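Just follow the structure's listing: the first ligand is 1, and inside any ligand the first atom is 1. Here the structure is a predicted model, which is why all the values come from computation and not from measurement.
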Amino acid sequence: MRLCVCIAVLFPVFLAVGVTSSIFEMIPPISGLALADLRDTFEEVHNGHRHEAIDIMEPRGTRVHAVVSGTIRKLFLSKPGGSTIYQFDEPGVYCYYYAHLDGYVKGLREGMRVERGDVIGFVGSTGNANERAPHLHFEIHELGPEKLWWQGKAVNPYPLLVDTVKRAR
Ligand SMILES: [Zn+2]
């Protein structure tokens with residue numbers, strides 16, 4: 001009996017968490033994105049690693065938008081990723097990672113709050129990207145309990161971005 005009550009009380013809570021999860025509230029990181037621009041390369045091996053990301057080919061300088069509202073957790077210059085942004089969503093459940101950026105939008109800084117749709121950077125080819133093939137390398141990570149920006153479980157962004165494009169129509 002007590003177990004039943006427990007499930008009855010908790011089930012709506014689980015449901016609410018699932019429904020409000022930021023991955024279902026994403027917008028496309030590039031405005032005017034079409035389904036033809038998306039290709040599932042999550043499982044491909046790139047530079048000796050499982051890609052666990054999506055590459056969106058765009059001209060250099062194309063504006064990159066925050067896919068959800070949240071906080072700029074880290075601005076990091078890495079050898080493979082070039083100029084990168086790690087953005088946490090509001091509850092700190094998911095981290096959104098944008099790489100190979102040509103640069104950040106003026107005034108962007110760590111700890112800053114951004115709204116979904118805000119321009120945060122520009123497409124480029126920094127890091128190990130081909131200079132003649134600028135693109136946005138985009139990842140989603142489910143953060144662990146410690147909420148470390150460099151750690152998390154990769155989630156395939158492809159089906160989620162397909163949904164954002166369909167919703168944006
Ligand atoms: Zn990539």
Do the charged groups of Arg60 and Glu58 touch, with an N to O distance under 4.0 Å?
->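 No, this pair does not count.
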Could you confirm whether His100 has any N/O/S atom lying under 2.8 Å from the Zn ion (ligand 1)?
->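 No N, O or S atom of His100 is closer than 2.8 Å to the Zn ion (ligand 1), so no.
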Verify the distance test for His46 against the Zn ion (ligand 1): any N/O/S atom under 2.8 Å, yes or no.
->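 No - counting backbone and side chain alike, His46 has no N, O or S atom under 2.8 Å.
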Taking atom types as modelled, find out whether Ser22 and Tyr96 have a side-chain donor-acceptor pair closer than 3.5 angstrom.
->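 Yes, Tyr96 and Ser22 have a side-chain donor paired with an acceptor closer than 3.5 Å.
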Distance-only donor-acceptor check, side chains His51 and Asn47, under 3.5 Å |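 The answer is no; no qualifying pair exists.
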Parallel, tilted or perpendicular for Tyr86 and Trp149, by the 30°/60° rule?
->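 The arrangement is perpendicular - the two ring planes meet at more than 60°.
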Atom of His137 nearest the Zn ion (ligand 1) (restricted to N/O/S, atom name only) =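 So the atom name we want here is ND1.
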With respect to the Zn ion (ligand 1), what is the nearest N, O or S atom of Asp55?
->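 Result: OD1.
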